[in-house]
Chemist: 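Please see the structure below; I have some questions.
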Amino acid sequence: MRIGLVTEGGFPYVSGDAGLWCERLVRGLGQHEFDLYALSRSRRQEDEGWVPLPRQVSRVRTAPLWTTEDDGVRLGRRARRRFAECYGELAAVLGAAGGPGPGGQGSRGRRDGEADRFASALYGLAELARDTGGLAGALRSETAVRALEHACRAPGASRAAREARVPDLLTVAAHLEHSLRPLSLDWYDDDGLGAADLCHTAGGGTAALPGLLARHFCGVPVLVTEYGVPLRSHYLTSAADGTAPAARALLAAFHGRLVTEVYRQAALLTHGNAHTRRWQERCGADPARLRTVPPGMDATAFAEAGEGAETGGGASPQAAEDTLVWVGRIEPAKDLVSLLHAFAEVRRAQPRARLRIVCTATPGGPEAAAYLGHCKALAAQLFPDEAEGPHTAGENPVSFEEVGGPEAPTLADAYASGAVIVLSSVVEGFPAGLVEAMFSGCATVSTDVGAVVEVIGGTGLVVPPRNPRALAEACVALLRDPERRARLGAAARARALELFTVEQNIAAFHGIYLEIVSQCPVRRVVLDASGEPLPFAAPAEAHLPGRWTGQATTAAAGAGAAAASSPARRGGPAWAAAAASRTQHPAPAPEAAR
């Protein structure tokens, strides 16, 4: 089948979110054909170029979200009236929203009515953009600001909206213009996303707008994958960046309504853990259309350490029996302060214990660097250099290291060097580091945050966050019981290999693709040269070398021509040309993006 994969700030760019997951998905599903629709987040991202693309990628279309140029579109009188009506309706829904929560307030009937009004206004703007060639200028116009002001002053507006002042309205208008830029793209026709059998959006929120419009204009079923919670991220970001309360309430209403519409229209929604699932359900997603698909991780790098754990009884034969290891990015959310205080308790019970803090990346930004300095100072204060005792003079039992250094050349070496792996976070989404430790066959002690309990599944010890005493007691219990460590490590490795590998992730999405397409009606009828229905415009054998390749390609081209002239086909002629030549549009080389 042909998949239209929509990404925001990720694949195929070298840097970005979820790029590795998308690349593994595309490479793993070689039996399908992918068209990539990529939204970039910065000029730097575009200048860095693309990763090498596999052969199953037929074409790539990109668009920047970080900037917009004047498209030269000047709306006529009727178009301006349509824009004022649609944007005014959108603003009225935001102004009347009962609060920043995912579902707003009020009765179910009222919420459904507001959701319908929001959808009608959104699709009205999209149709206007399609008819006129773009809305870049209109979304930045004074008309948009006045529509927001009228909505905030209208009877029935929420208290937060009534408190909005001109600077707040300008902030909201600028944010809406940025979020609605995908409306003006030329992707929503039979030569774009309309040619796909399925649209898969690798993210929710604004990134899912192209999927919504592909469904609206072309009837393409949409699959939405969220490994994070975009709405929650927006709430946290707007609260931290000093946005005024009135503007924050209006923007929260917009993103909440957008997420609700995405969830209403998606054929299926996938998530990586129960935390994300709860947000999806709270925002109106139908539980029957939710699927849990943990993000796949490559276990190859940790295979040797894991096999050593199964045969050697512990993280690895060379692992120090009295060593705790923490691995990750050093930042306040990881709560190394509590870990250091917990280790002080561990040292009282186990005087020979050591703690290795292994950083996977250089701290970025002044806040992270300051936090690392604070942790080092605290370690020096809690564990002054000992002149006597089990360690040599001048040696501190806490060490700060980096992956790639002499003590931890690789991540696998870091996990293999300890008897117990510790996770001390107070905020965590999907704990990738914990899964890596499980691949390595390590016994673990973790805090109960994010998806930790869901991932660990009883194969490790879990304690409350910000509780150094509980963390210390769990670590001491495992340090004193090597047989228990071995049992937990073997069970953790078996669980990780069963649930969290790349192969499991790819197999799950292959099944989901087939499930969606099997339940969707045929959107277009393609006829061959004799007028008979042709199930596949590009036969499978067209992708294989051999004498039949030219015949298959010729047949596909003939079928496309017949389909273009047939009144029985509901698609436009542009789709027939695209279908007949889908193997004739190779994706650009990585240098093409530079």
Side-chain angles (χ1 to χ4, degrees), residues 3-11 16-26 36-39 41 65 101-103 115 179 182 198-215 220-238 252 254-297 427-432 435 449-452 454-455 499-500 502 504-506 508-509 511-513 515-516:
I3 310 298
L5 181 61
V6 182
T7 66
E8 179 188 358
F11 187 69
D17 301 334
L20 182 59
W21 168 75
C22 288
E23 182 178 4
R24 287 171 174 169
L25 179 70
V26 172
L36 299 184
Y37 296 83
L39 301 168
R41 289 180 177 170
L65 279 185
S179 299
L198 168 68
C199 178
H200 186 178
T201 67
T206 304
L209 262 178
L212 276 183
L213 300 186
R215 186 187 186 282
V220 178
V222 182
L223 168 65
V224 178
T225 293
E226 290 182 326
Y227 281 122
V229 185
L231 185 59
R232 177 178 180 271
S233 299
H234 167 76
Y235 290 163
L236 295 176
T237 301
S238 63
F254 169 76
H255 286 282
R257 296 298 178 196
L258 178 59
V259 165
T260 298
E261 179 62 16
V262 170
Y263 291 171
R264 287 204 312 171
Q265 301 301 334
L268 286 179
L269 295 156
T270 69
H271 50 268
N273 54 67
H275 173 70
T276 305
R277 180 188 180 98
R278 286 192 294 269
W279 273 85
Q280 290 175 335
E281 290 180 344
R282 181 69 178 87
C283 293
D286 181 1
R289 292 187 285 117
L290 298 179
R291 302 289 186 273
T292 302
V293 184
M297 298 179 60
V427 176
E428 196 75 53
F430 182 84
V435 175
V449 293
V452 165
E454 189 176 353
V455 166
L499 298 177
F500 306 124
V502 174
Q504 294 292 335
N505 184 270
I506 291 173
F509 276 107
I512 288 173
Y513 286 175
E515 178 184 355
I516 292 177

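Along the sequence shown, the residues carry numbers beginning at 1.
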Chemist: Do you know the tightest heavy-atom contact between Gly204 and Val224?
Modeler: CA-CG1, 4.3 Å

Chemist: Shortest non-hydrogen contact from Gly256 to Leu231?
Modeler: N-CD1, 3.8 Å

Chemist: Measure the CD1-CG distance between Ile516 and Leu223 for me, rounded to the nearest 0.5 Å.
Modeler: 4.5 Å

Chemist: Sequence neighbours excluded, which residues qualify as side chain to side chain contact (heavy atoms under 4.5 Å, CB included) partners of Val6?
Modeler: Tyr37, Leu193, Cys199, Thr201, Pro210

Chemist: Show your reasoning for whether side-chain contact (heavy atoms from CB on, under 4.5 Å) applies to Arg215 and Val220.
Modeler: CA-CA 5 Å; Arg215 186 187 186 282; Val220 178; 5.6 Å; no

Chemist: Please lay out, stage by stage, how Val427 and Val449 fare under the test side-chain contact (heavy atoms from CB on, under 4.5 Å).
Modeler: CA-CA 6 Å; Val427 176; Val449 293; over 6 Å; no

Chemist: Examine distances only and state if a side-chain atom of Arg277 and a backbone atom of Thr292 form a donor-acceptor pair shorter than 3.5 Å.
Modeler: no

Chemist: Using every non-hydrogen atom in the two residues, find where Val222 and Gly211 come nearest and quote the distance to one decimal.
Modeler: CG2-O, 3.1 Å

Chemist: Measure the spacing between CG of Leu212 and CD of Gln265 and express it to the nearest 0.5 Å.
Modeler: 6.5 Å

Chemist: Hey, is the main chain of Val293 close enough, under 3.5 Å, to the side chain of Tyr227 for a donor-acceptor pair?
Modeler: yes

Chemist: Go through the steps for Val455 and Val435 under the test side-chain contact (heavy atoms from CB on, under 4.5 Å), then give the verdict.
Modeler: CA-CA 8 Å; Val455 166; Val435 175; 3.7 Å; yes

Chemist: Out of curiosity, Gln280 CD to Thr260 OG1, how far, rounded to the nearest 0.5 Å?
Modeler: 11.5 Å

Chemist: Rounded to the nearest 0.5 Å, how far apart are CG of Leu5 and OG1 of Thr225?
Modeler: 9.0 Å

Chemist: Counting C-beta onward and ignoring hydrogens, is there a side-chain heavy-atom pair between Arg291 and Thr270 closer than 4.5 Å?
Modeler: yes

Chemist: Under 4.5 Å between any side-chain heavy atoms of Leu268 and Pro221, yes or no?
Modeler: no

Chemist: Just jot down the salt bridge (charged side-chain N to carboxylate O under 4.0 Å, His left out) partners of Glu261, sequence neighbours excluded, or say none.
Modeler: Arg264

Chemist: Taking the six-membered ring for Trp, are Tyr235 and His255 ring centroids under 6.0 Å apart?
Modeler: no

Chemist: Taking side chain to side chain contact (heavy atoms under 4.5 Å, CB included) as the test, write out the residues that go with Arg278, two or more places apart.
Modeler: Ala274, His275

Chemist: Got a sec, which pairs hit salt bridge (charged side-chain N to carboxylate O under 4.0 Å, His left out) with one end in residues 220-238, sequence neighbours left out?
Modeler: none

Chemist: So which heavy atom on Glu8 is nearest to which on Thr206, and how close?
Modeler: OE1-C, 4.5 Å

Chemist: Rounded to the nearest 0.5 Å, what separation is found between the CZ atom of Phe500 and the CZ atom of Phe430?
Modeler: 5.0 Å

Chemist: Leu209 and Ser179: which non-hydrogen atoms are nearest, and at how many Å?
Modeler: CD1-O, 3.4 Å

Chemist: Calculate, to the nearest 0.5 Å, the distance between atoms CG and CH2 belonging to Asn273 and Trp279 respectively.
Modeler: 13.0 Å

Chemist: Report the residues that fulfil salt bridge (charged side-chain N to carboxylate O under 4.0 Å, His left out) with Arg24, sequence neighbours left out, ordered by chain and then residue number.
Modeler: none

Chemist: Which heavy-atom pair separates Pro294 from Asn505 by the least distance, and what is that distance?
Modeler: O-ND2, 2.9 Å

Chemist: Under the rule for side chain to side chain contact (heavy atoms under 4.5 Å, CB included), what residues qualify as partners of Ile506, not counting sequence neighbours?
Modeler: Leu29, Val502

